[in-house]
Number of protein chains: 2
Amino acid sequence: MEMTRTHGAPSFEDACARRGATPTDMSCRDCAVHSRAFCAVLDDETLVRLEALHSYCDLSGEDSLFMEGDDATYFYTILSGSFRLSKLLPDGRRQITGFALPGEFIGLSLGETYDCNAEALTVSKLCRFTVTDLKQIGRENPEMEGRLLTMTHTTLNYAQDHMLLLGRMNAKEKVASFLCSLMKRTAGIDQTSDHISLPMSRSDIADYLGLTIETVSRTFIRLKNDKIISLPDHARVKVDDMTALVSLAEG
Amino acid sequence: MEMTRTHGAPSFEDACARRGATPTDMSCRDCAVHSRAFCAVLDDETLVRLEALHSYCDLSGEDSLFMEGDDATYFYTILSGSFRLSKLLPDGRRQITGFALPGEFIGLSLGETYDCNAEALTVSKLCRFTVTDLKQIGRENPEMEGRLLTMTHTTLNYAQDHMLLLGRMNAKEKVASFLCSLMKRTAGIDQTSDHISLPMSRSDIADYLGLTIETVSRTFIRLKNDKIISLPDHARVKVDDMTALVSLAEG
DNA sequence: CGGGTGATTGACTCAATTCAATTCAGGTGG
DNA sequence: CCACCTGAATTGAATTGAGTCAATCACCCG
């Protein structure tokens, strides 16, 4: 599986272990992402139990959390940072199926193994449970499955919208749509004025939108020439004409 | 919303009502799709209750079951036939996000309204519950949410594989991949020898694969010229070189 | 046997890719 | 502090795979 190297995933599943799980004495109820996370529906008593079962895990940018086919040992909740989830073809072509943000979970899978690759985009902190523990908690707390269902369904909705983008939009619409969704999704988490910050590389954007890096680059320039956005630097975008951007994004 | 006409969805949500719900006296336990459906995990007592709550609904090919934005009144399980699920851009461009087969459910949504269009491909029979009743059953039967979670997760997995196809495969790989998945999915339901039957039109295949009908047509011919498939008629495909087809499909 | 729809085929176009420089930005060490 | 290095991003030129447009064909169905 060395073709993943070409996408810069230097380390493995146990980046966590290497860095050491760093339990803190903060309670689950006070966790910054509690209200957004799967555990939001659990009662206080269960939360206390969770505190005994969880461990933490820190990654820096480009670290791989797990790869498709690895044994699905842990279930993770993102505390801070962001992740890219991807699938690969045998020859290395990559499709990023989504970006995961704080509060969201990663690593839930149907079988024994993970079904996608997960890599940190930035310095990130995760809270993890073993899949075994998670299943046990689920059995004892039926409301949790409902919560996981809702969250999985939200992801499915994103996936379906993204299929429409991949299959039926042109480059300009794809980029506009990407910028709009990035704005919407990060709105609640880190409001950075009117600038959209891009935590991912051009290559990530390309593999998310089904384009090449060259086309992504050219499309940003075209949107700039159309006076719809400005590009203060590589990692930031300022929206100058929101109406035009949204109307492009809608198709 | 008249652009949907161009995709041949002549009727509305209440095709059901028009045709009349046709309750039979068959019990849920004896239902042909019971073991595959969401209700497989419910106990006998609950199944008896379901029998009082459900109604049936018949559609013929091209009938629309519901459209994106319609009030999500019913939750449906497919008893026979097949459906296409799609999303539209305002100008009518369409992406088919998936095909639904007997045993699978359609119509589960996060909000008050359906989030995609659902149309019958063939004569079809559905079993339906009101969303209100379904929620009630869910509250009383926690194992049902787990079942819905698994089924939704399966759909999400298909969606992620399909994103890889849409974003990163060429026409030949897309068509090969489509034929392989059709073979795999229908294997358990209606085994029709070594012929794959295509219940959907070229236009449906095109909108599923993110291609045009012309390209789909040309690609079938190219696969035929490569001696990988034969085309006895428009609605059927015979696989002559499975190895080559699979290796194309993998990318 | 005509009419109509869906599928195929052909000729041409073009949006996006490919390949090849070039520029830019951030980090390092003298 | 600046020259150098490296990987990422941009830019340019040439290519091409899939799309568009326009017939034509094949098959139902009345």
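Values below: every heavy atom of this structure, side chains too, minus hydrogens, waters and symmetry copies.
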_Please determine whether a side-chain nitrogen or oxygen atom of Thr215(A) lies at a distance below 4.0 Å from atom OP1 or OP2 of dA16(C)._
no
_Output the rounded distance in Å from CZ (Arg202(B)) to C1' (dT9(C))._
14 Å
*CZ of Arg236(B) versus P of dA7(C): gap in Å, rounded?*
15 Å
*asked:* From CG of Leu211(A) over to C1' of dG17(D), roughly how many Å is that when rounded to an integer?
replied: 15 Å
_Distance-only side-chain donor-acceptor flag, Thr152(B) / Thr155(B), under 3.5 Å_ = no
*Round to a whole Å and report the spacing from CZ of Phe220(B) to P of dA7(C).*
10 Å
*Roughly how many Å is it from CZ in Arg93(B) to P in dG19(D), rounded to a whole number?*
13 Å
*Figure out the CE/P separation between Met200(B) and dA7(C), and round it to whole Å.*
12 Å
*Counting side-chain heavy atoms from CB outward, which of dA18(D), dA16(C), dA7(C) is closest to Arg222(B)?*
dA18(D)
*Verdict with supporting geometry, Arg128(B) and Ser55(B), side-chain hydrogen bond (donor to acceptor under 3.5 Å, both in side chains)*: CA-CA 5 Å; Arg128(B) 72 180 180 195; Ser55(B) 54; 2.9 Å; yes
*What nucleic acid atoms does Asp233(A) come within less than 4.0 Å of, heavy atoms only: base, sugar-phosphate, or nothing?*
nothing
*Distance test, side-chain N/O of Thr212(A) to OP1/OP2 of dA16(C), below 4.0 Å*: no
_Interatomic distance, Leu209(A) CG vs dA15(C) C1' [rounded to whole Å]_ = 16 Å
*Rounded interatomic separation in angstrom, taking NZ from Lys174(B) and P from dG19(D)*: 7 Å
*Test side-chain hydrogen bond (donor to acceptor under 3.5 Å, both in side chains) on Ser230(A) and Asp240(A) and set out the steps.*
CA-CA 7 Å; Ser230(A) 351; Asp240(A) 296 322; 2.5 Å; yes
_Between the base of dG17(D) and the side chain of Arg218(B), is there a donor and acceptor pair under 3.5 angstrom?_
no
_Assess whether a salt bridge exists between Asp207(A) and Arg168(B), defined as any Lys/Arg side-chain N lying under 4.0 Å from an Asp/Glu carboxylate O._
yes
*Please say whether the positively charged group of Arg185(B), taken as NZ for Lys or CZ for Arg, lies over the ring of Tyr158(B), i.e. under 6.0 angstrom from the six-membered ring centre and within 45 degrees of the axis.*
yes
_Residue mapping more 5' on DNA chain C - nearest nucleotide basis, Glu214(A) or His234(A)_ = Glu214(A)
